[in-house]
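Everything below concerns the one structure shown next.
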There are 2 protein chains.
Amino acid sequence: MIDAITIKDVKLQLGELCKQKRRSYELSQEDLAEVLDISRYTIQKFENGKNATLDTVLKIANHFDLLNNLYQALKDIEKSNDINSLY
Amino acid sequence: MIDAITIKDVKLQLGELCKQKRRSYELSQEDLAEVLDISRYTIQKFENGKNATLDTVLKIANHFDLLNNLYQALKDIEKSNDINSLY
DNA sequence: TAATATTGTTTATTATAATACACAAATATA
DNA sequence: TATATTTGTGTATTATAATAAACAATATTA
């Protein structure tokens, strides 16, 4: 039996994804911080699963072209809710 | 030509989704705030597209059983990155 | 329409995310 | 191995998200 996903799990996975994306672009934490105009410490903490603000997360997502994906996913959830309400 | 999705768009959509989910459970902002042990003002601001913390967003997502979906979506993005690196 | 419930807004305070800086630890490169 | 680069940590400060409480503005219901 696999345990349910926790908030901590999601934060850690978000951090891992940032780390992976950043490295695939061959950017250091310093580089990414600079282009996004945020501090390296903020990136550092986010990549290691600490709490962050939505703005920080979305700035990073945007830089790695994940904003449209995210938006569409949210729209899909909203739509699936609409459909369920028909039954 | 449709404009690209902005960070503001995503925050507004997150807020709308919270509002919709909350209403589908017939909860007031007050109700939701109480069960999540956060203030109604935090919900209020989030639902209207203001900035928030990841913890706030994930507490809400968790309450509406969206955490597994989110986690899996993040894993999928990570995996698709791995695959691309093979070519 | 009157009463009730919900949502929006304001102000003040507290908690904490973000910043800046320095330095140590760990990795990568010459 | 020595040098350089990157990452992790610590401390202090600043900016702002979160809280609490009250009240006005909107919906909802009787």
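Letters A, B, ... mirror the listed sequences (proteins, then strands); counts begin at 1.
Here the NZ atom belonging to A:Lys75 is positioned 13.0 Å from the OG atom belonging to A:Ser80, to the nearest 0.5 angstrom. With values rounded to the nearest 0.5 angstrom, A:Leu12 atom CG is found 12.0 Å from A:Glu47 atom CD. Between the OG1 atom of B:Thr6 and the CG atom of B:Asp3 there is a distance of 9.0 Å, given to the nearest 0.5 Å. Atom-to-atom distance recorded for B:Thr42:OG1 and B:Asp55:CG is 11.5 Å, nearest 0.5 angstrom.
Residue B:Tyr41 shares its hydrophobic cluster (ILVMFWY side chains chained together at separations under 4.5 Å) with no other residue. Membership of the apolar cluster around B:Ile43 extends to A:Leu54, A:Leu58, A:Leu67, A:Leu70, A:Tyr71, A:Leu74, A:Ile77, B:Ile5, B:Ile7, B:Val10, B:Leu14, B:Leu17, B:Tyr25, B:Leu27, B:Leu32, B:Val35, B:Leu36, B:Ile38, B:Phe46, B:Val57, B:Ile60, B:Phe64, B:Leu66, as traced through chained side-chain contacts below 4.5 Å between ILVMFWY residues.
The minimum heavy-atom distance linking A:Arg22 with A:Gln29 is given by the pair NH1-N, 3.5 Å. Shortest non-hydrogen contact noted between A:Glu78 and B:Glu16 is OE2-CB, 4.0 Å. Across all non-hydrogen atoms, the minimal contact from A:Ser39 to A:Ala33 is C-CB, 3.7 Å.
The interatomic distance linking B:Glu47 (CD) with C:dT6 (C1') rounds to 11 Å, in whole Å. Remark: C1' of D:dA18 and CD of B:Glu34 are 17 Å apart, rounded to the nearest angstrom. Look at CG on A:Asn48: it is 17 Å from P on D:dT6, rounded to the nearest Å. We find that CD1 of B:Ile43 is positioned 13 Å from C1' of C:dT7, with the value rounded to whole Å.
Not a single side chain to side chain donor-acceptor pair (under 3.5 Å) links B:Lys59 to another residue, sequence neighbours left out.
One finds no side-chain N or O of A:Gln44 lying less than 4.0 angstrom from the OP1 or OP2 phosphate oxygen of D:dT7.
With contacts defined as side-chain heavy-atom distances shorter than 4.5 Å, the pair B:Lys19/B:Asn48 qualifies.
Axis angle, first five pairs versus last five pairs of the helix from C:dT1-D:dA30 to C:dA30-D:dT1: 60°, rounded to 10°.
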Grab the N/O contacts between the protein and nucleotides 11-20 of chain C below 3.5 Å, and write none if there aren't any.
{"from": "C:dA17", "atom 1": "OP1", "to": "A:Asn51", "atom 2": "ND2", "distance (Å)": "3.1"}
{"from": "C:dA18", "atom 1": "OP1", "to": "A:Thr53", "atom 2": "N", "distance (Å)": "3.0"}
{"from": "C:dA18", "atom 1": "OP1", "to": "A:Thr53", "atom 2": "OG1", "distance (Å)": "2.7"}
{"from": "C:dA18", "atom 1": "OP1", "to": "A:Thr56", "atom 2": "OG1", "distance (Å)": "2.7"}
{"from": "C:dT19", "atom 1": "OP2", "to": "A:Ser39", "atom 2": "N", "distance (Å)": "2.8"}
{"from": "C:dT19", "atom 1": "OP2", "to": "A:Ser39", "atom 2": "OG", "distance (Å)": "2.9"}
{"from": "C:dT19", "atom 1": "OP2", "to": "A:Thr42", "atom 2": "OG1", "distance (Å)": "2.5"}

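For the segment residues 19-29 of chain B, the set of residues with a heavy atom within less than 4.0 Å of an atom of DNA chain C comprises B:Arg22, B:Ser28, B:Gln29, in numerical order.
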